[in-house]
Amino acid sequence: MKGKGEKIVEIYADGACSGNPGPGGYGAILKYGDREKEISGCDPDTTNNRMEMQAVIEALRLLKRPCRIRIVTDSNYVVKGMTEWVRGWIKNKWINSKKQPVQNRDLWEKLLRLCRDHDIEWVWTKGHAGSKENERCDLLARKAIQKCGGRSRRT
């Protein structure tokens, strides 16, 4: 994906939840060249998967023009959703393989809209395995849970 000398926006994202559902938080890091920005937020009543998605959504909302992007997350749900499942869901009018409505459709649709103008590479990384950025996003997400009145624990 990366051309010679071309800069890519790197987005690292993670979500966490204290209970599932329960208070949740997300954290993300955006890197472009030598610039770096951290973001986080919370929701008092959510799920882990929604927070994983929200981390990516909030990071993408900060981009002001079409970019080449590498999104790194420990969420198979987000990576597989965007690279494998979403085309089938759309084709089947947002019904999944179990003949049920797709969960979190509202966020999948937001994510699709935000991705439309970008060239995105989706990368899964093993969580809690020593990736500096993934560990930092996890910490941001867990701290955000505390802002919503929840107790943080690893998910």
Side-chain angles (χ1 to χ4, degrees), residues 7-86 89 94 96 98 100-155:
K7 289 184 181 174
I8 292 179
V9 176
E10 294 179 308
I11 295 174
Y12 298 88
D14 197 19
C17 215
S18 181
N20 200 18
Y26 67 84
I29 301 169
L30 293 89
K31 289 184 168 188
Y32 181 72
D34 60 356
R35 298 174 66 192
E36 187 172 305
K37 180 172 183 69
E38 293 182 350
I39 61 171
S40 63
C42 66
D43 185 321
D45 186 28
T46 190
T47 66
N48 190 67
N49 282 340
R50 288 185 70 82
M51 290 294 90
E52 297 281 3
M53 296 175 75
Q54 199 68 46
V56 177
I57 288 167
E58 297 302 330
L60 289 170
R61 282 185 174 154
L62 295 176
L63 302 177
K64 301 194 183 344
R65 62 180 177 7
C67 301
R68 293 183 79 113
I69 305 167
R70 178 179 298 114
I71 297 175
V72 182
T73 176
D74 62 8
S75 173
N76 268 314
Y77 180 70
V78 172
V79 173
K80 286 186 177 187
M82 289 303 290
T83 61
E84 297 177 25
W85 305 331
V86 76
W89 292 337
W94 293 97
N96 67 22
K98 296 177 183 173
Q100 301 284 324
V102 171
Q103 289 186 345
N104 304 313
R105 176 180 173 176
D106 60 328
L107 295 183
W108 289 116
E109 288 178 332
K110 283 181 188 177
L111 195 49
L112 285 167
R113 277 192 302 275
L114 289 165
C115 290
R116 188 176 35 220
D117 295 330
H118 303 290
D119 180 7
I120 300 178
E121 175 188 8
W122 296 90
V123 179
W124 177 82
T125 187
K126 183 174 171 69
H128 313 296
S131 162
K132 179 180 78 167
E133 291 88 356
N134 180 258
E135 295 292 338
R136 180 68 186 153
C137 289
D138 179 67
L139 180 63
L140 290 168
R142 288 186 289 117
K143 282 186 174 182
I145 290 172
Q146 295 169 351
K147 291 179 186 172
C148 278
R151 289 183 53 224
S152 157
R153 60 182 167 203
R154 286 196 169 194
T155 56

For a 4.5 angstrom cut-off between non-hydrogen side-chain atoms, does Asp117 reach Leu63? no

Do Gln54 and Asp43 have side-chain heavy atoms sitting under 4.5 Å apart? no

Selection residues 35-66 - residue pairs positive for ring pair (Phe, Tyr, Trp, His ring centres under 6.0 Å), sequence neighbours left out: none

Which residues pass the ring pair (Phe, Tyr, Trp, His ring centres under 6.0 Å) test with Trp108, not counting sequence neighbours? Tyr77, Trp89

Taking His118 for the side chain and Arg68 for the main chain, is one N or O donor matched with an acceptor at less than 3.5 Å? no

Donor-acceptor contacts under 3.5 Å from residues 30-40 side chains, at least two apart:
residue : atom : partner : partner atom : Å
Lys31   : NZ   : Glu133  : OE2          : 2.7
Glu38   : OE1  : Arg136  : NE           : 3.4
Glu38   : OE1  : Arg136  : NH2          : 2.9
Glu38   : OE2  : Arg136  : NE           : 2.8

Tyr26 vs Cys17, side-chain contact (heavy atoms from CB on, under 4.5 Å): CA-CA, chis, key distance, verdict: CA-CA 9 Å; Tyr26 67 84; Cys17 215; over 6 Å; no

For Val56 and Leu111: C-alpha separation, side-chain torsions, deciding distance, then whether side-chain contact (heavy atoms from CB on, under 4.5 Å) applies. CA-CA 8 Å; Val56 177; Leu111 195 49; 3.6 Å; yes

Side-chain ion pair, Arg50 and Asp106, N-O less than 4.0 Å: yes

Rounding to 0.5 Å, atoms CD1 (Ile8) and CD1 (Ile120) come to a distance of 11.5 Å

Listed by chain and number, what are the side-chain contact (heavy atoms from CB on, under 4.5 Å) partners of Lys132, not counting sequence neighbours? none

Is there a side-chain contact (heavy atoms from CB on, under 4.5 Å) between Thr73 and Val79 once you walk through the steps? CA-CA 8 Å; Thr73 176; Val79 173; 3.4 Å; yes

To the nearest 0.5 Å, what is the distance between CG on Asn20 and CG on Asn48? 5.5 Å

Nearest 0.5 Å, what's the CG-CD distance between Asn76 and Glu52? 10.0 Å

Could you tell me whether a side-chain N or O of Asp74 sits under 3.5 Å from a main-chain N or O of Thr125, the two making a donor and an acceptor? no

Flag if over 12 foreign heavy atoms under 6.0 Å of CD, Gln103: no

Output all residues satisfying side-chain contact (heavy atoms from CB on, under 4.5 Å) with Arg105, sequence neighbours left out; order by chain, then residue number. Trp94, Glu109

Do you know which two heavy atoms are closest between Met82 and Cys115, and how far apart they sit? CE-SG, 3.8 Å

For Leu114, which residues count as a side-chain contact (heavy atoms from CB on, under 4.5 Å) partner, sequence neighbours excluded? Ile57, Leu60, Arg61

Output the distance between atom NZ (Lys80) and atom CH2 (Trp85), rounded to the nearest 0.5 Å. 6.0 Å

Minimal non-hydrogen separation, Cys137 against Ala13, with atom names: SG-N, 3.9 Å

Listed partners of Lys126 passing side-chain contact (heavy atoms from CB on, under 4.5 Å), at least two apart: Trp124, Ala129

In short, Ala144 meets Gly25 closest at the heavy-atom pair CB-CA, 4.0 Å

Measuring from atom CZ of Arg70 to atom CD of Glu121, what distance do you get when rounded to the nearest 0.5 angstrom? 4.5 Å

Disulfide bond (SG atoms under 2.5 Å apart) partners for Cys42, two or more places apart: Cys148

Would a 4.5 Å heavy-atom cut-off, applied to side chains only, mark Asp45 and Pro21 as touching? yes

Rounded to the nearest 0.5 Å, what separates atom OG1 in Thr46 from atom CG in Leu107? 7.5 Å

The test is side-chain contact (heavy atoms from CB on, under 4.5 Å); show your working for Ile11 and Val72 and say whether it passes. CA-CA 6 Å; Ile11 295 174; Val72 182; over 6 Å; no

